[in-house]
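What follows is a set of notes on a single structure, which appears directly below.
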Amino acid sequence: MLDSHCHLNDDGLFDKRAEHIKNAKEAGVSLMVCIGWDLESSKKAIQIAHEFDGVYAAVGFHPENLEGINDEALEEIKELAKDEKVVAIGEIGLDYHWFKEQKDHDNQKVWFIKQIELANELNLPLSIHARDASEDTYTILKEHPAKAGCVLHCYSGSTEMLERFAKLGCYFGFDGPITYKNAVEPKENVKKCPIDRILTETDAPYLSPVPYRGKQNEPSHIKEILQTMADLRGISEKEMEIAVENNFKALFHVK
Ligand code: NI
């Protein structure tokens with residue numbers, strides 16, 4: 001199994017990362033992508049990727065963490081991205097849930113596009129955070145295609161938008177919320193997602209799946225996500241696991 005999006009570099013997980021990674025491997029999770037959200041967290045992601053087999057890194061500036069960004073910082077991200085264990089630029093994107101003002105949206109768009117261009121220059125895929133911003137994310141990806149592909153992590157848009165993003169070739173990451181009873185649309189999205197575009201992720205330490213809801217999340221909880229996905233789609237867990245693994249390898253070029 002695999003976790004295409006987790007934050008072992010987060011303060012909640014970092015100190016006990018060896019233990020969390022051991023738990024994950026014992027649970028059958030052999031591949032993890034540790035995702036950065038600014039310069040420091042991106043460096044930590046690379047550090048962890050070098051400490052442990054099966055762990056890879058993504059580097060970039062999250063739309064909620066743009067205080068420290070400028071062209072120099074982006075140049076540093078570019079240098080970090082050349083590391084052999086970096087498999088994506090991320091997480092990058094748009095967040096209109098926590099940011100309501102137009103000037104913030106405009107600023108987020110500028111840096112989202114610059115980071116897409118950076119990924120294209122390095123031939124790396126993108127890990128995208130898009131919250132309450134489907135339409136603008138779609139427009140940007142249409143005008144600035146991710147040449148090496150992209151995943152909409154923790155996909156929380158509508159099913160209609162999912163179909164439009166799928167036509168652009170996007171992958172979709174699903175996590176804890178698909179296991180929540182009242183999560184009607186996330187469940188529908190898992191059913192409608194093309195089988196060759198679906199990915200499992202935890203977004204640990206956030207978004208714990210049932211039965212760990214409310215507790216700290218970690219990559220070993222992928223099993224619950226995979227099981228729920230297989231149930232929703234009416235296929236076996238093994239079939240689901242193979243599909244997700246093929247998608248992961250196709251997007252991140254990891255063997
Ligand atoms: Ni995340």
Side-chain angles (χ1 to χ4, degrees), residues 2-14 17 20-21 24 29 31-49 55-69 77 80-81 86-99 108 111-112 115-116 119 124-134 137 146 149-157 165 170-180 183 186 189 198-209 212-213 215-222 224-225 244 248 251-252:
L2 59 95
D3 188 349
S4 61
H5 188 114
C6 63
H7 302 286
L8 290 157
N9 46 353
D10 184 277
D11 283 346
L13 297 174
F14 185 73
R17 60 193 180 283
H20 296 305
I21 291 167
V29 182
L31 293 169
M32 286 156 255
V33 185
C34 181
I35 312 271
W37 59 86
D38 62 7
L39 216 41
E40 278 317 300
S41 59
S42 295
K43 286 179 190 166
K44 268 187 175 174
I46 293 176
Q47 180 197 331
I48 301 168
V55 181
Y56 295 86
V59 297
F61 275 88
H62 189 292
E64 285 174 50
N65 302 91
L66 296 178
E67 314 85 31
I69 203 167
I77 289 288
L80 293 175
V86 170
V87 293
I89 295 295
E91 54 183 288
I92 63 173
L94 304 174
D95 191 303
Y96 296 175
H97 181 80
W98 295 111
F99 293 84
Q108 288 182 11
W111 293 105
F112 183 25
Q115 292 184 94
I116 294 173
L124 284 171
L126 318 169
S127 182
I128 297 174
H129 170 104
R131 194 161 180 207
D132 295 348
S134 283
T137 303
C150 67
V151 51
L152 293 164
H153 117 80
C154 191
Y155 182 71
S156 60
F165 280 120
C170 301
Y171 289 77
F172 302 86
F174 293 100
D175 34 33
I178 68 165
T179 67
Y180 305 163
N189 287 337
I198 196 164
L199 287 168
T200 45
E201 59 171 67
T202 59
D203 204 17
Y206 313 106
L207 301 175
S208 273
Y212 309 104
R213 199 173 175 181
K215 294 183 190 148
Q216 180 174 270
N217 201 4
E218 58 172 83
S220 63
H221 297 161
I222 277 294
E224 276 66 30
I225 314 288
V244 167
F248 183 90
L251 179 64
F252 294 118

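One-based numbering, in listed order, for ligands and for the atoms of each.
Put simply, the side chain of Gln115 gets close to the backbone of Phe61: a donor and an acceptor are under 3.5 Å apart. Listed for the Glu218 side chain is no donor-acceptor partner under 3.5 Å among the backbone atoms of Leu13.
Rounding to the nearest 10°, we obtain 90° for the angle at the Ni ion (ligand 1) between Asp203 OD1 and His5 NE2.
Between Trp37 and His129, the gap from one ring centroid to the other reaches at least 6.0 Å.
Counting heavy atoms from C-beta outward, Ile69 and Ile77 have side chains that stay 4.5 Å or more apart.
Looking at His7, its N, O or S atom nearest to the Ni ion (ligand 1) turns out to be NE2. Glu91 contributes OE2 as its N, O or S atom closest to the Ni ion (ligand 1).
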